[in-house]
Amino acid sequence: MTRRHDLDTLRIGAFGLLILYHVAMAYVAGWDFHLKSIHTAEWLQWPMIALNRWRMPLLFAISGIALGLCLPAQSRWRFALRRGGRLLLPLLFGIVAVVSLQAYCEAVDKGDVTPGLGAFLWRYWQFRPWPGASFTGAAYGFTWNHLWYLAYLIPYTLLAIVLASVVRPLRHRLPGLPAGDRWVATLGLLLPVLWLAWALLVILPAHPPTHALVDDLYVHAESLPLFLGGFLAARWQRGWDLLVRGRRLTLALAVVGLTVELGIRALGRMPDLGDLPQWVLALPWAQAERVGRALYTWCSLLALFGWAQVLLARPWRGLGYCREAVFSWYILHQTVLIMLLYWLRPLQLGAWLEPALVIVGTVAGCLLIHELLVRRVRWLRPLFGLRADRNGAVSITQDHSAGRRAWPGATAPRTRRPAPSRHDPSAAS
């Protein structure tokens, strides 16, 4: 078994950016969030758009890859139940004990409840709707907020395992891919972009994201194919080689797609837009913007995976610690930052000091809670997606059978059988 350091590092980096993204959500003008600062800036929309297009697609793709790499040949249903339980337990705990604190801050901020955490939690834990309240989840009586990602991973994982079990007996009868790498690369670029563009043009206007699982058609149309695609391509060495070879092209295409999307958005904000000739206004600007967005999303993922194999396929100091900590940080971070903002906002610290303290405080809070509580208390570990046993390494691994070429930068497999992993690296990705 050889470690996939590139995927580990990508996953850690994606969750690290998630912290910055959610902090920025409190400060970006014109975008809704659970708690907003009085210091908002419109310019934040541009880097937020650039990050938003691939941050969650990357996590869903890595999730599928991780599942494809660790799915056993036997006892798959036992594996599915164990995997589903390791996702469901942190989700339920997060709803009850972590996200509930976010709901309290938001409810007080919107005037839905009077201050008093104990009284709010007693009412929240009854899981009854809050008539007349407008905070997130009031209509249902609870909310999972940023933990929606875990809620989606559970059915996606079970679906992938079912499909793998059904297709496995038929795999020798299925038609193969074209022999030429050029055909594979062309189809790999064109078909996903067309699918994402269709989803943006047809599904998104009628079904905007809700993150409520049961009525979220657009998010499923975007995320489920990425998850299943990563699952199917996890052990496809030819595809990984193509990503490395085409990493410069995919990076250039991603820049083109981003330029098209942001450029059209910038043109749409011109003050004298109505003075342009009618034939210019009649051009399909909205459709072109969505196609550029689809191109940017897909090519960014391909470029990230390709460049990661070249630049990140090696261990670094602290990788093992971060690999284990990333799940608990993901569960904690948004609650920590919302509570910090809730306490800091009345102090009127200014447009620079306040966000700086929120960022530093969020990182410090997640670090302290993970290091002093989650990591060291045996019964807390499963509630944050960690195994109760602290021993063992964590990694996304690939089994290289005899004659198969190793991943770029990977160390040679050991001859003795490795110890079983104590932590499932893909539980939060």
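Given the structure is predicted, the values throughout are model-derived calculations rather than measurements.
- Between the side chains of Gln102 and Asn145, at least one donor N or O sits under 3.5 Å from an acceptor N or O.
- Shortest non-hydrogen contact noted between Trp379 and Val377 is NE1-CG1, 3.1 Å.
- Taking Leu258 as the reference, Ala50, Leu262, Tyr296 meet the side-chain contact (heavy atoms from CB on, under 4.5 Å) condition, with sequence neighbours excluded.
- For Tyr152, the ring pair (Phe, Tyr, Trp, His ring centres under 6.0 Å) test picks out Trp148, His220, with sequence neighbours left out.
- Scanning all heavy atoms of the two residues, the minimum distance from Ala26 to Leu341 falls at CB-CD2, 3.6 Å.
- Under the ring pair (Phe, Tyr, Trp, His ring centres under 6.0 Å) criterion, Trp198 pairs with Trp195, sequence neighbours left out.
- Under the 3.5 Å distance criterion, the side-chain polar atoms of Asp6 are left unmatched by any main-chain donor or acceptor of Leu312.
- His22 meets the side-chain hydrogen bond (donor to acceptor under 3.5 Å, both in side chains) test with His333, Gln334; sequence neighbours excluded.
- Partners of Trp285 according to the side-chain contact (heavy atoms from CB on, under 4.5 Å) rule, which considers only residues two or more places apart in sequence or in another chain, are Ile264, Leu267, Val280, Leu283.
- Between the side chain of Trp144 and the backbone N or O of Gly137 there is no donor-acceptor pair closer than 3.5 Å.
- Here side chain to side chain donor-acceptor pair (under 3.5 Å) pairs that include residues 349-374, with residues two or more places apart or in two chains, are Tyr27-Glu354, Ser37-Glu354, Tyr321-Glu371, Ser328-His370, Glu371-Arg375, Glu371-Arg376.
- A search for side-chain contact (heavy atoms from CB on, under 4.5 Å) contacts involving Arg269 returns Glu42, Gln45, Trp46, not counting sequence neighbours.
- Note: Tyr330 and Phe15 meet the aromatic proximity criterion, with ring centroids under 6.0 Å apart.
- Applying the salt bridge (charged side-chain N to carboxylate O under 4.0 Å, His left out) criterion to Glu106, with sequence neighbours excluded, gives Lys110.
- When only modelled atom types and interatomic distance are considered, Tyr342 and Asp109 share no side-chain donor-acceptor pair under 3.5 Å.
- Residues forming a ring pair (Phe, Tyr, Trp, His ring centres under 6.0 Å) with Phe231 (at least two apart in sequence, or on another chain): none.
- By the ring pair (Phe, Tyr, Trp, His ring centres under 6.0 Å) test, Trp307 pairs with no residue at all, sequence neighbours left out.
- Shown here for Gly85 and Pro90, the closest heavy-atom pair between the two residues is O-CD, 4.2 Å.
- The side-chain contact (heavy atoms from CB on, under 4.5 Å) test applied to Ile38 returns no partner, not counting sequence neighbours.
- Arg247 is linked by a salt bridge (charged side-chain N to carboxylate O under 4.0 Å, His left out) to nothing, counting only residues two or more places apart in sequence or in another chain.
- Ion pairing between a basic and an acidic side chain is recognised when a charged N comes within 4.0 Å of a carboxylate O; Glu222 and Arg53 show no such pairing.
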